Number of protein chains: 2
Amino acid sequence: MSASHPLDLLVQSLSLRVPLSGTARDAILALPFTFRSLESSTYIVREGQPPEQCGVLVSGFAYRQKTTCEGARQIIALHLPGDAVDFQHLFLSISDHSVQMLTAGEVAFVPRSALQALVRSDPEVAKAIYTQIAVEASIFREWVLNVGRRQARERIAHVLCELGSRLDALGLAKRYGYELPLTQEQIGDAVGLTQVHVNRTLKEMTDEGLICRDKRRISFPDWRRMCEIAGFNERYLHMQPQMVG
Amino acid sequence: MSASHPLDLLVQSLSLRVPLSGTARDAILALPFTFRSLESSTYIVREGQPPEQCGVLVSGFAYRQKTTCEGARQIIALHLPGDAVDFQHLFLSISDHSVQMLTAGEVAFVPRSALQALVRSDPEVAKAIYTQIAVEASIFREWVLNVGRRQARERIAHVLCELGSRLDALGLAKRYGYELPLTQEQIGDAVGLTQVHVNRTLKEMTDEGLICRDKRRISFPDWRRMCEIAGFNERYLHMQPQMVG
DNA sequence: CGTAGTGTTGAGTCAAGTCAATGGTTGTGG
DNA sequence: CCACAACCATTGACTTGACTCAACACTACG
């Protein structure tokens, strides 16, 4: 069941949480879009600009990002294939942060007006998209906690768990082992640490057998223990179908 | 034009960003609710429970909160009179965090089903509420940056600026001086520092004339400078009316 | 085979945390 | 109206987790 239509993955990822009827699926697949292949680190959304298109990741990874005026970067969220990268700005007239490609990949750009029209006309799709927005907000909240109140190793373990869980939910990898799309510097930017400290902490974790690394592949011999250390509780990902309204 | 109806403040706060017609206002004011006076630190939303009511702050302040398994608390957001405290869970079947009263105050509890019905039937109100959800998400993102990438004094300055700006926008106080509803411990929990370190940092800031304190009242002799130090850029609050859709 | 991007490691520093004691405020009840 | 309790703020001495700077090694790719 490989995806022939670029927006297929979006439909699949939305229906993880809100079951979609055939009509709703078709309505999404009927959205207009322009398809583009992008280099790693290309901007999909730019802070300060009006968001006119909503990018949908067809392949590759992306990340949300803000920087302080001194230039320190903070990664706010990670995005996986099937994620729509700009639902967050559907109702805002100016982007308050940027989104960039993490790896090379393909993006389907849907005009925001078309998305807004669909949301107005199809309550089922609307519900799916609002749920998605709410889940993303929940992930932001967990990140505030992660970065504000956990130690280095817990923080790092936490992003690694989140990534594993989400990749697994989409069927793109197994939670206990996957190809890590982040450099150590990017991990640092995601958890509010320096690259050097991330390196040292990863080494410790490796030495203790908590994680195994081979090139960019990372795996967790004891997923349970990993979750404990991270304080990782899947609840905030709201993976179960949401029975609401 | 003092608010006789408990939901008046909600209408006012929503219409800061999305202009509301008379019909839309009336629809909101017609929502059913139960009114309650609450002690400080009472729970309005409890993590792990299904969110059946959406509390609207009529008076007093509240905060969103998550804790690590070791018991460290992180405050995720602050809520002011007029804020609906649980739009975030409108589409989620289980709460992923808690909301508590920061001060004593009054809350109007609106049944979630009524809110959902209104959102389905009135596109204007729907837009206002979705915009509100998106703005809150934007605030979460800024907090990730604040806590992840700024120094102690910048972090503290940043929450103080945000609070001032928001109080000012609602007409509840002036940005450059207001009654601070937070203890130093709560400030610490909001910015990911210890109470002791917050105390020392506030002292430094006072000594340098950056802030003035008298009991719980705080003021900023040089708002500009304060914003610079905080790296505070109002954009993320999306205060201007959102011209969208 | 060279170059640019990553990853690794060491030495020294510093921002923030911990522990602990003291002082000030506020509100409450006798 | 005072005394007490609970909560909050202040300060000092000491520790530590994370940062900085800097050098070097590995890998991939043209």
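Below, chains carry the letters A, B, ... as their sequence lines are ordered, and counting in each starts from 1. Please read these numbers as outputs of a predicted model, since none were measured by experiment.
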By the 4.0 Å heavy-atom rule, please label [X] as base, sugar-phosphate, or nothing.
X	answer
Arg213(B)	sugar-phosphate
Arg155(A)	nothing
Gly188(A)	nothing
Leu202(B)	nothing
Arg216(A)	sugar-phosphate

Item to complete: For Arg200(B) and for Gln186(B), find the nucleotide of DNA chain D with the closest heavy atom, then tell me which residue's nucleotide is more 5'.
Response: Gln186(B)

Practice prompt. Could you check Lys215(A) against His197(A) and say which one's nearest nucleotide on DNA chain D is further toward the 5' end?
Written response: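 Checking each residue's closest nucleotide, the 5'-ward one belongs to His197(A).
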
Discussion item. Of the options dA20(C), dA16(C), dT9(C), whose atoms approach the side-chain atoms of Val196(B) most closely?
Written reply: dA20(C)

Response to the item:
Taking dT8(C), dG17(D), dT9(C) as options, the one with an atom nearest any side-chain atom of Gln151(A) is dG17(D)

Please give me the minimum heavy-atom distance between [X] and [Y], naming the atom from each residue.
X	Y	value
Trp223(A)	Tyr176(A)	CE3-CA, 4.3 Å
Leu210(A)	Arg225(A)	CD1-NH1, 3.3 Å
Phe87(B)	Leu10(B)	CZ-CD1, 4.4 Å

Check the distance between [N]'s [atom2] and [X]'s [atom1] and give it to me in whole angstrom.
X	N	atom1	atom2	answer
Glu39(B)	dC7(D)	CD	C1'	15 Å
Leu180(A)	dT6(C)	CG	P	13 Å
Glu204(B)	dG12(D)	CD	P	13 Å
Asn199(B)	dC19(C)	CG	P	18 Å
Ile187(B)	dA16(C)	CD1	P	15 Å
Gln184(B)	dT10(D)	CD	C1'	8 Å
Ile156(A)	dG17(D)	CD1	C1'	12 Å
Met205(A)	dG7(C)	CE	P	15 Å

Discussion item. Can you see whether Phe109(B) has Arg36(B) sitting over its ring - NZ or CZ less than 6.0 Å from the centre and within 45° of the normal?
Written reply: yes

Worksheet item: End-to-end bend of the helix from dC1(C)-dG30(D) to dG30(C)-dC1(D) (five-pair axes, 10° rounding)?
Response: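 Inter-axis angle at the termini of the helix from dC1(C)-dG30(D) to dG30(C)-dC1(D): 40°.
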
Discussion item. Show, in sequence, the C-alpha distance, side-chain angles and deciding distance for Arg166(B) and Glu162(B), and conclude whether the salt bridge (Lys or Arg N to Asp or Glu O under 4.0 Å) test is met.
Written reply: CA-CA 6 Å; Arg166(B) 290 172 60 192; Glu162(B) 180 183 311; 3.0 Å; yes

Worksheet item: More 5' along DNA chain C: Leu182(A) or Thr201(B), using each one's nearest nucleotide?
Response: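 So the residue in question is Leu182(A).
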
Practice prompt. Report the residue (Thr194(B) or Gln195(A)) whose heavy-atom-nearest nucleotide on DNA chain C is the more 5′ of the two.
Written response: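 Going by which nucleotide is closer to the 5' end, it is Gln195(A).
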
Worksheet item: Between Tyr178(B) and Phe220(B), is any pair of side-chain heavy atoms under 4.5 Å apart?
Response: yes

Discussion item. Counting only side-chain nitrogens and oxygens, does Arg149(A) get under 4.0 Å of the OP1 or OP2 atom of dA16(C)?
Written reply: no

Worksheet item: Can you list the steps and then say if Asp189(B) with Arg149(A) is a salt bridge (Lys or Arg N to Asp or Glu O under 4.0 Å)?
Response: CA-CA 8 Å; Asp189(B) 286 343; Arg149(A) 283 300 184 209; 2.7 Å; yes

Worksheet item: Would you call the rings of Phe232(B) and His158(B) parallel, tilted or perpendicular, where under 30° means parallel and over 60° means perpendicular?
Response: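 Ring orientation of Phe232(B) relative to His158(B): perpendicular.
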
